[in-house]
Structure formats: C-alpha cells, structure tokens
Amino acid sequence: MGKSERSGSHGRNGLPVRIGGAIGGAAGAAGALLWRPDLGGFWQGLAAFVIMSGVGIVLGQLVGRLFFRPSSSDPPKNK
C-alpha cells in the first residue's frame with residue numbers, strides 16, 4: 001500500500017465523498033446566508049448558518065457515498 005492509498009475513508013476512494021461534503025456545506029452556507037435576513041437577529045442568523053452548513057455537509061457526504069460507490073470488481077478490504 002502506497003502513501004496515497006490509505007485504508008478507510010481517508011484514502012483515494014474517500015475523495016469524492018469529501019468533495020461532496022464540501023459542496024453540500026457550501027450550498028448549506030449559501031442557503032443560510034440567503035435565509036438569514038428573515039430571522040432578524042445576529043445570533044439566530046449565526047445559528048441558522050451553522051445548522052444549515054452542518055446539514056449540507058452531511059447530505060453532501062451521503063450523496064457522495066451514493067454516487068461514488070466502489071465498483072463490484074474492486075477487491076474487498078481486509079480489516
């Protein structure tokens with residue numbers, strides 16, 4: 001196993017999942033910034049930003065896992 005082929009979600013196969021999470025987080029942050037003026041206050045807007053960014057990251061990782069599953073021809077990983 002080379003340096004770039006680490007096991008688990010930190011290896012090369014986990015990159016699309018991490019990119020999906022980053023894109024989801026950015027989309028959640030953008031949505032929170034658009035929605036914040038309706039909340040009225042600083043703390044409510046900050047809480048909405050953090051919550052929507054977190055939800056975006058989780059949903060982005062879920063979508064990344066669904067779209068970038070390992071192919072069935074890949075050998076199973078030994079733990």
Side-chain angles (χ1 to χ4, degrees):
M1 201 177 335
K3 288 182 183 178
S4 64
E5 297 177 4
R6 289 182 248 150
S7 62
S9 65
H10 302 290
R12 221 179 252 179
N13 293 337
L15 184 63
V17 175
R18 291 192 304 242
I19 291 174
I23 291 171
L33 289 175
L34 292 173
W35 187 45
R36 188 181 79 78
D38 295 337
L39 294 174
F42 174 76
W43 292 110
Q44 293 90 354
L46 183 63
F49 182 82
V50 169
I51 290 168
M52 289 183 72
S53 296
V55 168
I57 289 170
V58 170
L59 290 177
Q61 287 181 349
L62 177 66
V63 169
R65 284 190 187 106
L66 289 174
F67 282 145
F68 299 105
R69 289 184 179 187
S71 65
S72 60
S73 64
D74 289 344
K77 293 181 181 177
N78 294 334
K79 290 186 177 185

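Computed from a predicted model, the values in this text were never measured in an experiment.
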In the single-linkage hydrophobic clustering (I, L, V, M, F, W, Y; side-chain heavy atoms under 4.5 Å), do V63 and F68 co-cluster? yes
Taking a hydrophobic cluster as the set of Ile, Leu, Val, Met, Phe, Trp and Tyr residues connected by side-chain heavy atoms closer than 4.5 Å, whether directly or through intermediates, do I19 and L59 fall within one such cluster? no
Euclidean distance, I23 CD1 relative to Q61 CD, rounded to 0.5 Å: 12.0 Å
Once you round to the nearest 0.5 Å, how far does CG of L46 lie from CD1 of I51? 9.5 Å
Which pair of non-hydrogen atoms, one from V17 and one from R65, has the smallest distance, and what is that distance? CG2-CG, 3.8 Å
What's the shortest heavy-atom distance between F49 and A32, and which atoms? CA-CB, 3.5 Å
